[in-house]
Undergrad: 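What follows is a single structure, and I will ask about it in a moment.
Source: prediction; values computed, not measured. Each chain gets a letter, A, B and so on, in the order the sequences are listed, and its residues count up from 1.
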Number of protein chains: 2
Amino acid sequence: MPIRVTVDIVIFTIQSGDLQVLLVRRGIEPYKGRWAIPGGFVLEQESLEQAALRELREETGVTDVYLEQLYSFGDPKRDPRGRTVTVAWFALVDAERALQAGTDAAEARWWSVQHRPPLAFDHASILDYALERLRNKLEYTTVGFQLLPDKFTLGDLQKVYEAILGRALDKRNFRRKIGLLGILKPLDELRSEGGRPARLHRFSARKFEKLKDKGILFPF
Amino acid sequence: MPIRVTVDIVIFTIQSGDLQVLLVRRGIEPYKGRWAIPGGFVLEQESLEQAALRELREETGVTDVYLEQLYSFGDPKRDPRGRTVTVAWFALVDAERALQAGTDAAEARWWSVQHRPPLAFDHASILDYALERLRNKLEYTTVGFQLLPDKFTLGDLQKVYEAILGRALDKRNFRRKIGLLGILKPLDELRSEGGRPARLHRFSARKFEKLKDKGILFPF
DNA sequence: CTATAATAGTGTCTGAAAGACACGAACGCC
DNA sequence: GGCGTTCGTGTCTTTCAGACACTATTATAG
């Protein structure tokens, strides 16, 4: 049963309030010239997660990001060259690191998930599935914070949620819910952007762990 | 990269208020004599889901059940014979069909998830993961109904929830929530079991679809 | 220097859902 | 006919979610 195993990684980021995904242009057949989700073969001596991390590093230069296994796709005809099973993952990188990712040697660039090009193989299904998972996870986990740099304003955070959910949120209700979680540490630092300066905050992993220990999950 | 791909299926049922899992005893090395989650190799021309359904049928004779992909496990050392990646699934069968499953040729039997034996390979991790997923899904989907036969009483349904969640639920609150969903059709049929007879109900897939169309999920 | 445009930050009310809680009803069995 | 067993039902209180509008602080343009 010579089945080849690959990993594909759907990498999301947020750029100026728009949810984007990193795609690479294929240089070889099949689907030459088509855009595809970055990925590659699993090596003999590495775990699936190690393979995903390696591909992520190789294709984007990015490391130390949120990474989560998504689903495995194994339709016998999904690759015309022969039987492959792919273990799909999704990754979240913040806007600062995202810049470095898009500028690598290989032809890779960020695409708005709204206006993405046609994709190779069954990658459209994989991307759709990743989007669905991201939206769901947003509501009961802290994945939203993974898309922001270390310090951010509450407005930044709200824009992340709005970009992923694709709808506007009420500012006061949003801030109340965030506040109730008690996992943000306000900093003595402001940032100015053409209006009243906004206070910067930092995600407090310490407080978050305490909540998890108590079995409290996220009420978004 | 000769990686072999398998599927393993964690099959749950409920027997007299106890959550049980189907295990098979291994007849060959490695782990000969140890209990394991049923599974097998993915064939050249079948999808992952078809492989899972085939194994389910071969090992338990059971068909037409709830089946959902769980996670893929691919640690390089998970099988001492060589590199394998397994795509794990979980399945739910109702008590009536479960009886037929346990009595097949191969040495297979139901084990309480509370008192399970040591398992082969990394199957303990897989089972734990399946349990976690099942508990989570119970709270916002209708998987609980999959563990019951066509007709059931509200008491039966509550026992399913209690067995999976591992704690007692308030009868009145439980029934109110079920009632609000409006997805059960009360039948003109009672069942007697040593007390006041209980009304039988049937899961109404029609009403359920209407709710899904409206984007209403399950508030458990 | 004053006016204006832009973004930040803040509290109340109302409706819905969740959890705690106790008793009468219908049957089988002795 | 009494007792044991399971079925079936309603209220109150608390918590959470959503709708809703104004003042505060800065930069910039006139």
Undergrad: Rounded to the Å, how far apart are A/L184 CG and C/dG9 P?
TA: 12 Å
Undergrad: Expressed in angstrom and rounded to an integer, what is the separation of A/L169 atom CG from D/dA17 atom P?
TA: 13 Å
Undergrad: For C/dG9, does either OP1 or OP2 sit under 4.0 Å from a side-chain N or O belonging to A/R175?
TA: yes
Undergrad: Is a side-chain N or O of B/D170 found less than 3.5 angstrom from the main chain of B/N173, in a donor-acceptor match?
TA: yes
Undergrad: B/R176 side chain: which of C/dC27, C/dA18, C/dC21 is closest?
TA: C/dA18
Undergrad: If you apply the rule salt bridge (charged side-chain N to carboxylate O under 4.0 Å, His left out), what do you find for B/E189 with B/R199, and how did you get there?
TA: CA-CA 6 Å; B/E189 209 174 334; B/R199 180 167 303 275; over 6 Å; no
Undergrad: Measure from the side chain of B/N173, starting at C-beta and using heavy atoms only, and say which of C/dG11, C/dG9, C/dG19 lies closest.
TA: C/dG19
Undergrad: Would you check if the side chain of B/T13 reaches a backbone N or O of B/V93 as a donor-acceptor pair within less than 3.5 Å?
TA: yes
Undergrad: Rounded to whole Å, how long is the line connecting atom CZ of A/F174 with atom P of D/dA19?
TA: 16 Å
Undergrad: So if I take every side-chain heavy atom of A/R172 and compare against C/dG11, C/dA22, C/dA8, which nucleotide ends up nearest?
TA: C/dG11
Undergrad: Mapping A/P197 and B/A198 onto DNA chain D by nearest heavy atom, which one lands closer to the 5' end?
TA: B/A198
Undergrad: With no hydrogens and no angle check, is any side-chain donor or acceptor of A/E58 less than 3.5 Å from a backbone partner on A/E55?
TA: no
Undergrad: Nearest-Å distance, CD1 (A/I178) to C1' (C/dG9)?
TA: 15 Å
Undergrad: How far apart are the C-alpha atoms of B/H123 and B/D8, what are their side-chain angles, what is the distance that settles it, and do they pass the side chain to side chain contact (heavy atoms under 4.5 Å, CB included) test?
TA: CA-CA 9 Å; B/H123 286 189; B/D8 288 316; 3.6 Å; yes
Undergrad: Starting from C1' on D/dT6, measure out to CG on B/L157 and report it in whole angstrom.
TA: 16 Å
Undergrad: B/L165 has an atom CG; how far is it from atom P of C/dG19, in whole Å?
TA: 11 Å
Undergrad: Among residues 188-196 of chain B, which ones have heavy-atom contacts with DNA chain D below 4.0 Å?
TA: B/E193, B/G194, B/G195, B/R196
Undergrad: Check whether the side chains of B/R133 and B/N136 place a donor and an acceptor atom closer than 3.5 Å, and report yes or no.
TA: no
Undergrad: What is the distance, to the nearest angstrom, from the CG atom on A/L180 to the P atom on C/dT10?
TA: 14 Å
Undergrad: I need the NZ-P distance between A/K171 and C/dT10, as an integer number of Å.
TA: 10 Å
Undergrad: Using a heavy-atom cut-off of under 4.0 Å over every strand shown, decide if B/R199 touches base, sugar-phosphate, or nothing.
TA: sugar-phosphate
Undergrad: Would you tell me if any nitrogen or oxygen in the side chain of B/K177 comes within less than 4.0 Å of OP1 or OP2 on C/dG19?
TA: yes
Undergrad: In sequence, state the C-alpha distance, the side-chain angles, and the governing distance for B/R109 and B/E107, and then conclude on salt bridge (charged side-chain N to carboxylate O under 4.0 Å, His left out).
TA: CA-CA 7 Å; B/R109 57 161 282 203; B/E107 198 168 2; over 6 Å; no
